[in-house]
Number of protein chains: 2
Amino acid sequence: MLTEVITVLTDRQLLIFQVIVDDFIQTAQPVGSRTLSKKEKISFSSATIRNEMADLEELGFIEKTHTSSGRIPSEKGYRYYVDHLLSPQKLNQHDIHKVQSIFAERIYELEKIVQKSAKILSELTNYTSIVLGPAVRDNKLKRIQIVPLNKETAIAIIITDTGHVENRMFHLPENIDAGDLEKVVNILNDRLAGAPLESLNNKLYKEVAVLLRHHINNYDLMLNSIADTIKIPAYDKLFFGGKTNMLSQPEFHDIEKVKNLMNMIEQEKGIYDLLSKNKSGINIKIGRENNNSAMENCSLITASYSIGTEQLGTIAILGPTRMEYSRVISLLNYISADLSAVLSKLYQNR
Amino acid sequence: MLTEVITVLTDRQLLIFQVIVDDFIQTAQPVGSRTLSKKEKISFSSATIRNEMADLEELGFIEKTHTSSGRIPSEKGYRYYVDHLLSPQKLNQHDIHKVQSIFAERIYELEKIVQKSAKILSELTNYTSIVLGPAVRDNKLKRIQIVPLNKETAIAIIITDTGHVENRMFHLPENIDAGDLEKVVNILNDRLAGAPLESLNNKLYKEVAVLLRHHINNYDLMLNSIADTIKIPAYDKLFFGGKTNMLSQPEFHDIEKVKNLMNMIEQEKGIYDLLSKNKSGINIKIGRENNNSAMENCSLITASYSIGTEQLGTIAILGPTRMEYSRVISLLNYISADLSAVLSKLYQNR
DNA sequence: TGTTAGCACTCTTTGTCCCCGAGTGCTAAT
DNA sequence: ATTAGCACTCGGGGACAAAGAGTGCTAACA
């Protein structure tokens with residue numbers, strides 16, 4: 001495919017195309033031949049440009065909004081731009097400074113760092129940022145605690161090796177006393193500590209059930225309560241920054257579009273689907289490539305952050321298809337590397 | 001003030017005013033004399049109505065959008081309508097059914113119930129619902145746990161008598177061993193269990209500090225970490241339902257207004273201010289009564305929920321000033337009563 | 001004296017026409 | 001191969017008119 005495209009596009013077409021995309025990304029206005037001919041980089045007449053543009057349109061890289069309008073990049077055009085024409089951009093001092101500020105304070109909680117990353121990222125880009133929090137799925141159990149609140153209810157608390165805490169209330173079987181409960185907790189910790197959360201449910205029924213039976217009555221009801229508590233959250237947590245930034249983009253002057261997009265963002269399920277199926281490194285999905293009608297005029301750029309080779313979560317920018325791809329990619333690369341570094345340091349010896 | 005108004009408005013003016021408000025709430029269109037004269041309840045001619053409307057306008061209850069338009073209620077008008085003309089509306093079977101569904105499953109977690117209430121409320125009204133979660137400020141400490149994650153960090157967990165769990169990571173002093181940590185935890189629980197969260201900080205430094213000194217070295221660093229962990233969250237948690245519902249209201253076809261409102265909602269601080277300064281029972285703030293520029297065209301109706309006489313939190317509806325006050329008030333009353341009942345039952349013996 | 005029919009007036013909305021500007025495609029000249 | 005030139009297209013904005021909804025006021029009526 002790459003060779004095919006290269007044989008088809010001349011250098012001049014490439015140049016014109018690039019200038020069109022760059023200009024449109026900046027101004028959000030269709031770009032005409034006269035505007036182009038005035039650019040510094042371009043030394044030929046508007047008529048020549050018109051000819052070239054007609055060819056570029058025929059190839060599907062640019063479109064008109066109406067018969068006699070200037071051109072705008074098509075989705076295929078953006079795809080080509082992103083794949084072949086993107087020159088990595090250096091971050092300026094101000095950007096670097098702001099990113100560093102995420103890690104300035106000594107913070108121990110992963111969630112706080114992640115939340116702050118989302119905030120900074122949206123402030124720097126004026127787009128919406130989304131961070132998929134660290135997966136707890138393959139965390140290992142550090143400790144289970146059960147704290148009775150009164151005769152009927154107790155609260156179960158799970159702590160993982162990364163310091164993630166989950167808790168849930170449950171109903172206590174009747175006639176269970178503090179001693180019984182302590183026994184249960186001891187058994188649970190003996191048997192389950194160190195095991196990945198994923199395997200807990202299985203182990204609980206296969207290994208722990210037998211032991212519990214020997215020590216307490218009504219163990220089955222109790223067991224179910226605990227199993228329910230232990231269940232891993234279906235989705236990892238999402239963090240957002242600049243949810244309303246999209247409202248400032250000219251392509252979202254139409255309330256209907258805003259409603260669609262906002263609804264998807266609020267429901268989180270859709271966002272989760274968009275984010276979770278990405279490979280490591282930078283991923284770019286343009287417009288309909290996202291397979292989501294609410295994303296019609298949007299692009300999503302994702303990057304993963306990790307500890308060593310273990311992918312922890314995803315950090316993403318949601319913007320209009322007319323997005324500053326180069327800048328956003330640089331930023332994501334930079335932040336995800338920093339994030340990975342800091343987290344690795346924090347959890348090297350977990 | 002009440003007497004003043006009663007002497008000024010005739011029965012007929014009252015009737016006309018009420019019909020204007022009711023009609024405008026339904027249609028969002030200015031109401032003219034011809035439209036009014038056709039209403040069943042109204043038996044006099046459009047000319048008479050025009051005269052009365054001129055008086056009502058002079059009194060400040062209604063306004064024109066331009067010289068020859070129909071009338072819409074003014075903020076003062078809504079205030080009068082809400083204070084004097086509201087007839088409590090009975091909920092229909094469908095509404096009651098949906099509200100009941102909040103409590104259908106046996107749920108133990110307060111947060112889940114509250115979250116679900118917000119969701120149902122927004123679905124029933126098509127406005128935005130906001131629930132200020134139960135205040136943890138005056139919860140009492142049930143238990144403190146400290147779980148070391150590795151040599152350097154540990155996680156402190158606080159459980160309150162209502163089952164609320166807070167946790168925070170902190171840095172361990174060097175050379176502290178498991179035995180020391182256990183001693184610390186025992187001292188903390190001995191001294192602090194049962195105390196209101198508010199008083200913990202004080203007690204920690206006044207009573208516990210002395211004890212810690214006898215048992216472990218480096219107690220001061222440890223103490224600060226714990227104090228930091230114990231700190232009560234500045235704001236109680238907010239839950240939302242139907243954040244995007246406002247986008248469907250005709251008064252929010254203007255992107256600028258949407259942006260203002262959404263920004264305020266996202267920042268939470270503003271919302272918190274709006275909600276927290278309300279008395280128990282139903283409160284209604286109309287438009288500029290909210291003292292918040294983003295709320296220009298919005299009204300906020302709040303209700304409190306409680307256990308016994310102790311006010312726990314606030315449940316609210318944010319809608320356009322042109323809101324179905326009667327219906328919303330009935331719903332809020334109904335839900336807040338149910339919520340109070342269920343929570344009282346759940347925490348009667350905490 | 002309170003009510004109402006009637007009328008002149010106002011203002012918004014909608015549609016039409018027209019013109020301007022920006023841009024295109026094509027042709028012919030360079 | 002490039003470009004100047006020209007006819008053509010389309011969207012946007014202003015001017016204008018007509019329609020519709022509503023008002024205020026006056027004069028007549030019960």
Side-chain angles (χ1 to χ4, degrees), chain A residues 8-17 19-24 26-39 41-74 77 250-251 253-254, chain B residues 7-17 19-24 26-74 77 250-251 253-254:
Chain A
V8 171
L9 281 197
T10 66
D11 280 1
R12 195 167 65 186
Q13 286 174 325
L14 232 56
L15 173 62
I16 291 177
F17 176 61
V19 176
I20 291 176
V21 179
D22 286 340
D23 190 79
F24 184 69
Q26 260 211 303
T27 65
Q29 298 297 324
V31 191
S33 56
R34 220 183 82 95
T35 316
L36 283 174
S37 71
K38 282 188 182 159
K39 296 262 171 184
K41 290 183 186 174
I42 289 182
S43 53
F44 21 90
S45 80
S46 61
T48 313
I49 294 169
R50 280 201 292 281
N51 283 324
E52 298 286 34
M53 288 208 290
D55 290 348
L56 282 169
E57 182 168 9
E58 214 159 90
L59 292 168
F61 290 106
I62 55 180
E63 306 171 333
K64 291 190 258 193
T65 57
H66 61 268
T67 11
S68 71
S69 78
R71 305 303 212 289
I72 64 173
S74 66
E251 29 270 278
H253 272 328
D254 176 16
Chain B
T7 51
V8 171
L9 281 196
T10 66
D11 281 1
R12 196 167 65 188
Q13 285 173 325
L14 232 56
L15 173 62
I16 291 176
F17 176 61
V19 176
I20 291 175
V21 179
D22 287 340
D23 190 80
F24 184 68
Q26 260 212 304
T27 65
Q29 297 297 325
V31 191
S33 56
R34 218 183 85 95
T35 317
L36 283 174
S37 70
K38 281 189 182 157
K39 296 263 171 183
E40 214 180 316
K41 288 184 186 174
I42 288 182
S43 53
F44 23 89
S45 78
S46 61
T48 313
I49 295 170
R50 280 200 290 281
N51 282 325
E52 298 287 34
M53 288 208 290
D55 289 349
L56 284 169
E57 183 169 8
E58 215 159 89
L59 292 167
F61 290 107
I62 56 181
E63 307 171 330
K64 291 190 257 193
T65 58
H66 61 268
T67 10
S68 72
S69 77
R71 305 303 212 289
I72 64 173
S74 66
E251 28 271 278
H253 272 327
D254 177 15

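Below, chain A is the first sequence line, B the second, and so on; all start at residue 1. The figures here come from the full heavy-atom set of this structure, side chains too, leaving out hydrogens, waters and symmetry mates. Computed from a predicted structure; not experimentally measured.
In this structure, the CD1 atom of Ile72(B) is 16 Å from the C1' atom of dT23(D), given to the nearest Å. dT2(D) atom P lies 11 Å from atom CD of Gln13(A), rounded to whole Å. Taking atom CZ of Arg34(A) as the reference point, atom P of dG25(C) lies 17 Å away to the nearest angstrom. The CD1-C1' distance, from Ile62(A) to dT24(C), rounds to 12 Å in whole Å. Rounded to an integer number of Å, the gap from CD of Glu52(A) to C1' of dT24(C) is 15 Å. Atom CD1 of Ile16(B) and atom C1' of dG2(C) are 14 Å apart (whole Å). Atom-to-atom, CG of Asp55(A) to P of dT24(C) comes out at 14 Å; the value is rounded to the nearest Å. When rounded to the nearest whole Å, the span between CD of Gln29(A) and C1' of dG12(D) equals 13 Å.
Pairs of residues two or more places apart, or lying in two chains, that qualify as salt bridge (Lys or Arg N to Asp or Glu O under 4.0 Å) and include a residue from residues 27-49 of chain B are Asp23(B)-Lys39(B).
Taking Asn51(B) as the reference, nothing meets the side chain to side chain contact (heavy atoms under 4.5 Å, CB included) condition, with sequence neighbours excluded. Residues forming a side chain to side chain contact (heavy atoms under 4.5 Å, CB included) with Ser37(A) (at least two apart in sequence, or on another chain): Ser46(A), Ile49(A). Legend: residues meeting side chain to side chain donor-acceptor pair (under 3.5 Å) with Thr35(A), ordered by chain and number and at least two apart, are absent. For Gln29(B), there are no side chain to side chain donor-acceptor pair (under 3.5 Å) partners, not counting sequence neighbours. For Ile72(B), the side chain to side chain contact (heavy atoms under 4.5 Å, CB included) partners are Phe24(B), Pro30(B), Glu63(B), Thr65(B), not counting sequence neighbours. For Arg12(B), the side chain to side chain contact (heavy atoms under 4.5 Å, CB included) partners two or more places apart in sequence, or in a different chain, are Thr10(B), Ile16(B), Phe44(B), Thr48(B), Glu52(B).
When all heavy atoms are compared, the tightest approach of Ser33(B) to Arg50(B) is OG-NH1, 3.2 Å.
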Measure all distances between protein nitrogen or oxygen atoms and nitrogen or oxygen atoms of nucleotides 26-28 of chain C, and list the pairs falling under 3.5 Å.
none

Please write out each protein N/O paired with an N/O of nucleotides 19-21 of chain D under 3.5 Å, distance rounded to 0.1 Å.
none

Anything under 3.5 Å between a protein N or O and an N or O of nucleotides 13-16 of chain D, put it in a table, one pair a line.
none

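An OP1 or OP2 oxygen of dT24(C) is reached within less than 4.0 angstrom by a side-chain nitrogen or oxygen of Ser33(A). Taking only side-chain nitrogens and oxygens, Lys64(A) never comes nearer than 4.0 Å to OP1 or OP2 of dG11(D).
Side-chain proximity of Thr48(B) to the nucleotides dT23(D), dT4(C), dG25(C) is greatest for dT4(C). Each of dT4(C), dG11(D), dT3(C) was ranked by its minimum atom distance to the side chain of His66(A); first place goes to dG11(D).
Taking the side chain as every heavy atom from C-beta outward, Ile62(B) and Val31(B) never approach each other to under 4.5 Å. Side chains of Leu56(A) and Arg71(A) form no contact here, defined as non-hydrogen atoms less than 4.5 Å apart.
Summary of the strand contacts: Ser43(A) and Arg71(B) both lie near DNA chain D, and taking for each the nucleotide with the nearest heavy atom, the more 5' one is attributed to Ser43(A).
In terms of modelled atom types and a separation under 3.5 Å, the side chain of Ser74(A) and the main chain of Gly60(A) share a donor-acceptor contact.
One distance of note links CG of Leu36(A) with CD1 of Ile42(A); it measures 5.0 Å at 0.5 Å rounding.
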